[in-house]
There are 2 protein chains.
Amino acid sequence: MSGRQSGRPTLEQVAARAGVGRGTVSRVINGSPRVSEQTRTAVARAVAELGYVPNQAARALAGSRTDAIALVIPEAEARLFAEPYFLDLIRGVSAELAEADKQLLLTLVRSEQERQRFEQYLAAQRVDGVLLASVHGDDPLPDRIRELGLPVVMNGRRTEAEPVPYVDSDNIGAGRAAVAHLVGRGRSRIATITGPFDMYVARARLGGYRAGLTEAGIPPDETLVSAGDFTEEGGRRAMRELLDRRPDLDAVFAASDVMAAGVRGVLREAGRRVPEDVALVGVDDSPVARLMDPPLTSVRQPIEEMGRTMARMLIREIHESTEAAPVEPRRHVLPTELIVRESS
Amino acid sequence: MSGRQSGRPTLEQVAARAGVGRGTVSRVINGSPRVSEQTRTAVARAVAELGYVPNQAARALAGSRTDAIALVIPEAEARLFAEPYFLDLIRGVSAELAEADKQLLLTLVRSEQERQRFEQYLAAQRVDGVLLASVHGDDPLPDRIRELGLPVVMNGRRTEAEPVPYVDSDNIGAGRAAVAHLVGRGRSRIATITGPFDMYVARARLGGYRAGLTEAGIPPDETLVSAGDFTEEGGRRAMRELLDRRPDLDAVFAASDVMAAGVRGVLREAGRRVPEDVALVGVDDSPVARLMDPPLTSVRQPIEEMGRTMARMLIREIHESTEAAPVEPRRHVLPTELIVRESS
DNA sequence: GACTAGTGTGGGAGCGCTCCCATACCTCTG
DNA sequence: CAGAGGTATGGGAGCGCTCCCACACTAGTC
C-alpha cells in the first residue's frame, strides 16, 4: 500500500536467510557475546546481503529506549548570546552523540506554550534524556523533567548550589583573570559591566572581578560597577553611566564581547582611545572580538568542549538510571583562557 | 521492572476509564470526525484525568510515520558561513515545525563515515523527510535520499537546473543590487571577490555582478574579478591580488561579509580609506557587518524565512508522497535586500 | 414493514523488535 | 555413567499503537 518502505527487510527475514532464529539475529545486532563466531558471521552476511537496518520504532517500543536525546535552547537566550555560542555547543554535543550512535533532537523554546508542548514530547518518551542550554535563575524546567524521571544535564547553573547535574565554565576564574591582566598592564581604576543578575553567570563573573581586585590589593569600588544585560545597547548604556560617574576610569571588564562592542562605540564617541586611555576586556572570544578595532582581548570559554562534556555526562546518567544506581549530582567546571589582543 | 515509565497510562486504560473501546479513543486522539460529540467529551476527560500522552514509538511502528524530520548541516560548510546563518535557518525551520507539531532532528555531518551512518538512520525510518542545508555542486546526498523514497528539500541548489526541490535566495539579484548601488554612488571601477566556483551561490552572485555592470552600461572586466573562498583569509588574499592588478579600483563587491572583513583589513594596511577611496559592499548582513568600522553595506538574505519555507515545503511533500500524487519539483527563490551603511 | 444507507463503535490483527524462558547440546565432575 | 553446570539457540509473549472489518443502531426509502 504505502510503497515507500515496502521492500525493507525485517529481522525475521534476516533470520530465515541466515538459517537461524530471530533471537539469534537480535543478539548479533546488539553485540551480545552469547553467540558462536560461526553463527555471527553467517548472520552478518545475511544482514549485508539484504541491506538490513533495524527499525527504530520497533526497537524503541520493545526496548523502551530511543537512542535519542533532546537539546533544549530557550529562544530568548539564543538571541542574547554571542552568536556562535549555540552552534559551538551543538557541535560538541553532536560530535559526542555521533560517537555513541545517538540522535540529537533540537528544540527551540519560544513561549510558555511551546514549553508545555515540549513536556508532552518528553512524556511521549521520544528521548532518553535532556540537555538544557542556558537556564535562568528561576527556570522550573529542569525540575519538571526530573519529575518525569528523565536524566538531565544543564549548561550553566541556576544558583551557586545547583542540585541538577551541570557543566559550566569557570566564570569566576574568567573575571579574576581579566582583572589580573589589567592590573598587570598598570591599570587600577578598573570598571566592570555585568550581565543581568538573575543569571548566575553574571554574578559569577562579577564575583571573579571583585576577587581579582582584592587579590591585587585594590579595594572593590561599587561606583565602578554598572549593570548591563548582555546586549550591545545595554553595554552602551552602562558605559555612559560609568563615564558620567567615574570619568577617571582606565579600564573596563565587560562580561561579554557583545557588550564590549557597545562599550567600544561609546569610548570612541567620548574621544577615549583604546587601549591608551581605557583598556578593554570582554568575555566569549567571539568572532566579533577578532574583528573589532582594535581587536579585543577576551576570555575564551571552551564551548564545544562543554557540549561534549554535557553529552558524555548525560549518556552516563542514562546508563545509570537504567541500573537504578543512586548517584550524587555531578558537576563539571571547565577552565577559561585569556586571549590577549590589542585592546588591553 | 523498569520503574521509569511504570505509571504511564496506555490507550487501553483510557478506553477503560471512558467506558469505550480502543478504536474510539484512537479516533478521538487523532481527531477523526467519526465520533459523536458526547463520546469525544468523555474520552477527552479520561485523557485529562489520566494525563495520557500517546507513546510515540508505538505510533511510529503501527502507523509508519514518525512526525520528525531531519535537518542536515555539513560541518565543513558550517564553519564557512557567516556564523548566525545556520542558527537563523534552524530558527525558521523550528518555528514552522512547531506549528505542525513535528520534531527536528539535527545532524551535523563531519565526515564521509558520518554521512554513511546518516543514511543508515534514514533507512531505519527515523524521520519522514529531510532538509539539507548548503550542498556542494557534486553532493550525491540529495539523490541518495530520494532513492530511499524520502522527501527532500534543500537550502540552495547545486546547479542552475536543480532537479531536487529547493529554497534559495535571489543571489543574482544580490549581485545586481550591490553593483547598481555602487554605480549610483558614482563608482565605475567596481571589483568583485567571489566564492568558490563549485558552489552555485558563488556563480550566481558573480553573474549578478556582471549583469549589474552590463545594465549600467559598464563592460565587465575580468581583471576586476578575483576568486575567494568565503573565508576572511581568502578575502585578504584576493584583495591583495586585486590591488596589485588594478590599483585604480574604486569599489569592491565581496560575496560575503566575512570576506569583506578581510578586504577591509587589507585596504586599511594599504592606506585606502573606506568609503572615500574604495566603497565596499558585502553579503549576509551578519552582525559582523554592523560592527565593522565603518559599518558595512550588505545584502541581506531572509535566512529565517528560508528555513520556514523549507519546512513548509517538506511538510507538503510528505503529505503528497503519502497520497502518491506525482508533483513537479518545487522551487522557491526569496528576494534579498540591500542594507546601506557607511562603507559605501 | 422489509430494504438500503448511512453513522458510531468495538476489537482483532498486525507493525518489528526485545526479553526471557525453555530446550538442546556439550563438558566437566565424582 | 549419572548428574551438575555451563553455552548456544529457538521462539512465545509482549511493547502500545493504527488500521480496518464487522457489527450495532438509526433514519430514510418504496
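Since we're looking at a predicted model, the values are computed, not measured. The chains referred to below are lettered A, B, ... by the order of the sequence lines, with proteins before strands, and numbering in each begins at 1.
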Taking atom CZ of A:Arg308 and atom CD of A:Glu96, what is their separation to the nearest 0.5 Å?
-> 5.0 Å
State the CD1-CD distance between B:Ile315 and B:Glu317, to the nearest 0.5 angstrom.
-> 11.5 Å
Pairs of donor and acceptor atoms involving the side chains of residues 42-60 of chain B, under 3.5 Å and at least two apart or interchain, shall be tabulated with distances.
from, atom 1, to, atom 2, distance (Å)
B:Glu49, OE1, B:Arg17, NE, 2.7
B:Glu49, OE1, B:Arg17, NH2, 2.9
B:Asn55, OD1, B:Ala57, N, 2.7
B:Asn55, OD1, B:Ala58, N, 3.0
B:Gln56, OE1, A:Arg126, NH2, 3.2
B:Gln56, NE2, B:Thr66, O, 2.9
B:Arg59, NH2, B:Asn30, OD1, 3.0

Heavy atoms, side chains only, cut-off 4.5 Å: are [X] and [Y] in contact?
X        : Y        : result
B:Arg115 : B:Pro74  : no
A:Leu71  : A:Thr107 : no
A:Tyr85  : A:Met306 : yes
B:Pro151 : B:Val130 : no

Polar atoms only, N or O, under 3.5 Å: list the protein pairs with nucleotides 4-6 of chain C and their distances.
none

In whole angstroms, how far is the [atom2] atom of [N] from the [atom1] atom of [X]?
X        : N      : atom1 : atom2 : answer
A:Leu61  : D:dA13 : CG    : P     : 18 Å
B:Glu37  : C:dT7  : CD    : C1'   : 15 Å
B:Gln38  : C:dT7  : CD    : C1'   : 14 Å
A:Arg8   : C:dC17 : CZ    : P     : 11 Å
B:Gln125 : C:dG16 : CD    : P     : 8 Å
A:Arg59  : D:dG14 : CZ    : C1'   : 18 Å
B:Leu50  : D:dG16 : CG    : C1'   : 15 Å
B:Leu11  : C:dG11 : CG    : C1'   : 12 Å

Give a yes or no on whether a salt bridge exists between A:Arg331 and A:Glu162, defined as a side-chain N under 4.0 angstrom from a carboxylate O.
-> no
Under 3.5 Å, is there a donor-acceptor pair linking the side chains of A:Tyr121 and B:Asp67?
-> no
Angle separating the five-pair end axes of the helix from C:dG1-D:dC30 to C:dG30-D:dC1, nearest 10°, is 50°
Each nucleotide N or O in nucleotides 5-10 of chain D that has a protein N or O under 3.5 Å away: list the pair and distance.
from, atom 1, to, atom 2, distance (Å)
D:dT9, OP1, A:Ser36, OG, 3.2
D:dT9, OP1, A:Thr39, OG1, 2.2
D:dT9, OP2, A:Ser36, N, 3.0
D:dT9, OP2, A:Thr39, OG1, 3.4
D:dG10, OP1, A:Gly21, N, 3.4
D:dG10, OP2, A:Gly21, N, 2.6
D:dG10, OP2, A:Thr24, OG1, 2.6
D:dG10, N7, A:Arg27, NH2, 3.1

Has A:Asn55 got a side-chain N or O lying under 4.0 Å from the OP1 or OP2 atom of C:dC15?
-> no
How would you list, by chain and number, every residue that makes a side chain to side chain donor-acceptor pair (under 3.5 Å) with B:Arg110, sequence neighbours excluded?
-> A:Ser94, B:Glu114
For B:Thr24, the side chain to side chain donor-acceptor pair (under 3.5 Å) test, sequence neighbours excluded, returns none
Which nucleotide in the set D:dC17, C:dC17, D:dT18 lies at the smallest distance from any side-chain heavy atom of B:Ser26?
-> D:dT18
